[in-house]
Amino acid sequence: MENETLIVQSPPAANPAEQRENPLQPPSSTTDDGGVTQEFRTAEELVAKAIAPVKREYLLPPPSRSSNYNNTVGVENDDVAEAKSAPIIKDKKSKRQMKRERRQELKSPLHICPEVAKSGKVSACPYNDKCRFSHDVEAFKAEKPADIEGSCPFLIYEGPCPYGLACRFAGTHRDDVSAPTENLPVKSSELNFFNKDTQKLLWKNKMKFPETEATLKLLGLKGNPKDKTLGGKGENGQVVPKEPATDTKTDNNEVANDSIIPFISPEDDADENNLADDTRPLKKAKSSVNEICSSQVSSGSSVQEGILDSSCDVNKLEPAADTVTDSDKSLKLHPREKKLIDFRDKLYLAPLTTVGNLPFRRVCKVLGADVTCGEMAMCTNLLQGQASEWALLRRHSSENLFGVQICGAYPDTVTKTVELIEQECSVDFIDINMGCPIDIVVNKGAGSALLTKPMRMKSVVEAASLTVGTPVTIKVRTAYFEGKNRIDSLIADMGNWGATAVTIHGRSRQQRYSKLADWDYIYQCVCKAPKSLQVLGNGDVFSYVDWNKHKTECPELSTCMIARGALVKPWIFTEIKEQRHWDITSGERLAILKDYARFGLEHWGSDSKGVETTRHFLLEWLSYTCRYVPVGLLDVIPQRINWRPPSYYGRDDLETLMASDSAADWVRISEMLLGKVPSGFSFAPKHKSNAYDRAENG
């Protein structure tokens with residue numbers, strides 16, 4: 001199925017109850033797409049073809065769709081359809097023109113000043129007439145969309161709603177906001193807000209990175225500034241360490257164009273074999289300081305238990321006479337002196353692009369997740385001070401064991417980023433992505449492209465771990481090319497690089513998300529890893545049976561990271577902890593969606609913009625949840641993640657609606673929670689999660 005595009009203003013869909021009355025038509029031919037022909041096959045045959053074995057009494061005829069199915073809905077007439085299909089040529093607007101239009105848009109009554117909306121008084125705005133937003137309260141009330149059914153998500157907390165008149169639930173606000181609220185809880189807090197002063201320094205390229213400069217110099221990764229790139233060849237063919245260029249502005253998902261794009265091939269490894277450590281860190285002399293620090297490091301499993309006492313920080317103490325001076329920058333924390341973090345047997349929610357946002361992670365925490373990690377952020381975008389990228393590092397107070405994931409191509413970029421994150425954010429660990437298969441990332445030498453350059457992998461991890469005291473973890477795939485696995489040959493050294501843990505996704509970059517993950521190879525890597533390095537497995541965990549199987553077959557495995565399984569059914573964490581197959585009802589699933597909508601409104605706002613942002617990410621999530629088949633409808637349990645659901649109806653109308661792979665039905669579910677969509681609303685799933693025939697799906 002191709003990517004769906006929805007334009008709402010469509011006629012209502014047929015009632016699922018009416019669809020049930022239609023008898024199944026006998027098939028004209030045998031197909032493998034999970035249609036009604038399924039009822040003529042056994043459950044074993046269906047499983048062999050990766051089709052979910054739904055009980056016969058719940059089957060429906062498959063929808064008739066053309067090969068070019070685009071699911072464009074809601075076209076009013078043929079003229080409109082022809083106009084939409086015709087190519088539209090628009091003159092490119094100048095920056096000045098676009099800026100003028102944005103200013104005019106902000107001055108419209110609907111874009112009311114936040115301070116005025118919060119208090120209801122024009123005098124509340126400190127900018128007065130110079131404010132770029134509208135101050136016309138009466139005009140805003142006249143044009144404001146109707147309130148959404150339900151109560152304001154901020155009513156359960158102490159204090160007034162921060163969006164005031166702009167809130168889409170303003171009708172439920174208390175009249176006397178100054179009334180005592182002793183029985184109300186304080187609003188749940190979010191952490192890691194981006195500091196504006198830091199952002200300005202990054203914009204002006206005036207941010208200082210002393211730890212990074214010292215580390216790169218220490219490892220011999222900072223050479224002659226006149227050289228163009230890191231790891232280039234000199235006249236004698238030897239690899240010469242060179243100074244990376246300054247980061248330049250790139251696309252949101254790109255890595256900085258601060259060097260030549262690497263040519264990805266297995267032969268690239270030989271080019272970096274001579275990238276030896278020109279200057280090794282000097283060994284610290286044995287002193288009473290080291291003995292005291294070593295004795296104070298806890299061996300507990302939580303982050304809090306592993307934090308060193310401030311009196312044990314060797315960087316803040318005066319150096320002894322027989323030790324290397326601090327000016328040499330060699331007094332780095334020994335790996336045993338860093339914070340300790342233990343992933344063993346913890347339920348780890350993987351970093352998930354787009355859908356793994358803060359509200360979704362809150363839902364997973366409620367359902368039993370132990371460890372959470374933010375969405376992948378590009379190092380270059382963070383160093384450029386992009387607020388949208390820094391928003392990916394936001395943390396909720398309920399995330400008691402939280403990390404962030406970054407992606408970069410070169411040691412200087414990654415090291416500056418980890419130093420900045422440790423300075424500005426509250427995180428328990430920093431994960432470096434070395435497995436992202438996206439072309440735009442790989443072509444810049446980041447993500448899984450690093451798998452072809454083990455010496456650069458070493459430089460990145462070593463520099464990052466030496467720069468910060470926060471534990472550094474890495475996430476990799478089995479290899480870049482299919483059939484050429486190489487992590488087993490590197491994993492013995494990864495602990496020496498300074499990594500606390502490594503997560504292995506059991507697929508190659510070339511494989512993307514096609515076929516099943518190779519857990520046998522993950523087990524091989526676990527056996528070859530040093531005891532000091534925690535190894536986590538990732539790939540296709542979709543039930544507590546999968547979890548138990550991996551933990552039983554390889555007891556040395558620290559834990560399993562859960563990714564797409566949590567997107568399809570976030571209650572997988574509850575199933576694993578309670579060791580049961582949860583035959584969850586449609587009402588219970590709707591309650592989870594309601595929690596997500598409430599968390600989204602708290603995070604993105606309860607005004608019109610916040611409501612539509614919440615709706616957008618809810619729809620992205622629904623493009624995954626439709627792949628879930630209820631336990632009570634299956635002939636074989638548990639469901640496998642690679643099974644394609646056939647057309648079926650549920651045990652009630654809501655369950656049938658949730659099983660639909662139509663974007664129009666996803667929008668109807670969102671309207672149950674967030675009210676009617678605005679006119680002209682359109683949505684297309686970003687990740688094409690319901691396109692099972694595409695290798696890049698995932």
Side-chain angles (χ1 to χ4, degrees), residues 114 162 188-209 211-212 246-258 349-362 372-399 402-410 412-433 436 438 440-441 444 446-447 464 467-468 470 472-473 475 599-600 602-605 609-610 613-614 616-617 620 686:
S188 56
S189 59
E190 293 185 9
L191 310 173
N192 300 345
F193 287 93
F194 193 24
N195 186 284
K196 293 295 183 182
D197 294 333
T198 302
Q199 185 180 38
K200 292 177 181 179
L201 290 175
L202 292 172
W203 284 348
K204 297 176 181 179
N205 199 22
K206 293 184 178 180
M207 193 72 188
K208 302 297 182 183
F209 300 94
E211 295 295 330
T212 296
T246 306
D247 298 331
T248 57
K249 187 173 180 62
T250 62
D251 183 68
N252 190 41
N253 287 325
E254 293 186 13
V255 180
N257 232 351
D258 53 359
L349 172 64
L352 301 165
T353 304
T354 303
V355 187
N357 44 59
L358 186 144
F360 177 78
R361 298 197 304 269
R362 288 185 65 183
T372 54
C373 188
E375 302 174 63
M376 184 184 75
M378 302 305 300
C379 291
T380 305
N381 295 338
L382 293 174
L383 294 176
Q384 290 173 354
Q386 294 185 14
S388 59
E389 204 75 7
W390 278 91
L392 302 178
L393 311 185
R394 201 78 59 81
R395 175 183 189 174
H396 190 262
S397 55
S398 63
E399 298 179 274
F402 172 77
V404 296
Q405 187 182 71
I406 59 174
C407 185
Y410 300 99
D412 66 323
T413 308
V414 175
T415 308
K416 289 179 181 178
T417 304
V418 297
E419 180 180 354
L420 193 59
I421 289 175
E422 186 175 60
Q423 175 184 329
E424 298 293 328
C425 301
S426 169
V427 297
D428 298 310
F429 63 93
I430 300 174
D431 187 64
I432 302 176
N433 188 311
C436 179
I438 300 175
I440 200 170
V441 174
K444 295 295 184 180
T467 301
V468 296
T470 304
V472 174
T473 64
K475 189 171 187 289
F599 296 155
E602 290 180 13
H603 179 61
W604 289 300
K609 183 179 180 180
T613 303
T614 303
H616 170 79
F617 287 106
E620 290 284 0
K686 181 178 180 181

What's the spacing between [X] [atom1] and [Y] [atom2] if we round to 0.5 Å?
X: W604; Y: N357; atom1: CH2; atom2: CG; value: 3.5 Å
X: F402; Y: R394; atom1: CZ; atom2: CZ; value: 10.5 Å
X: Q405; Y: E375; atom1: CD; atom2: CD; value: 10.5 Å
X: Q384; Y: N205; atom1: CD; atom2: CG; value: 10.0 Å
X: L392; Y: T354; atom1: CG; atom2: OG1; value: 9.5 Å
X: H603; Y: T614; atom1: NE2; atom2: OG1; value: 8.5 Å

Using a 4.5 Å cut-off on heavy atoms from C-beta on, say whether the side chain of [Y] contacts that of [X].
X: N192; Y: V427; answer: yes
X: V404; Y: C425; answer: no
X: L382; Y: L420; answer: no
X: L349; Y: F360; answer: yes

Decide yes or no on side-chain contact (heavy atoms from CB on, under 4.5 Å) for M207 and Q423, but give the supporting numbers first. CA-CA 12 Å; M207 193 72 188; Q423 175 184 329; 3.5 Å; yes
Is a side-chain N or O of E389 found less than 3.5 angstrom from the main chain of A377, in a donor-acceptor match? no
Between E424 (side chain only) and N195 (backbone N and O only), is there a donor and an acceptor less than 3.5 Å apart? no
[X] versus [Y], closest heavy-atom pair with distance:
X: T413; Y: C379; answer: CG2-CB, 3.5 Å
X: C407; Y: N433; answer: SG-O, 4.0 Å
X: G447; Y: V441; answer: N-CG1, 3.8 Å
X: S426; Y: R395; answer: O-NH1, 2.9 Å
X: R361; Y: G374; answer: NH1-CA, 3.7 Å
X: S398; Y: R362; answer: OG-CG, 4.3 Å

Test log, rule side-chain contact (heavy atoms from CB on, under 4.5 Å), inputs W390 and T198: CA-CA 12 Å; W390 278 91; T198 302; 5.7 Å; no
Stepwise side-chain contact (heavy atoms from CB on, under 4.5 Å) test for E211 and E422: CA-CA 11 Å; E211 295 295 330; E422 186 175 60; over 6 Å; no
Would you please test V418 and T470 for side-chain contact (heavy atoms from CB on, under 4.5 Å) and show each step? CA-CA 9 Å; V418 297; T470 304; over 6 Å; no
Examine the side chains of E419 and T212 and answer whether a donor and an acceptor come within less than 3.5 Å of each other. yes
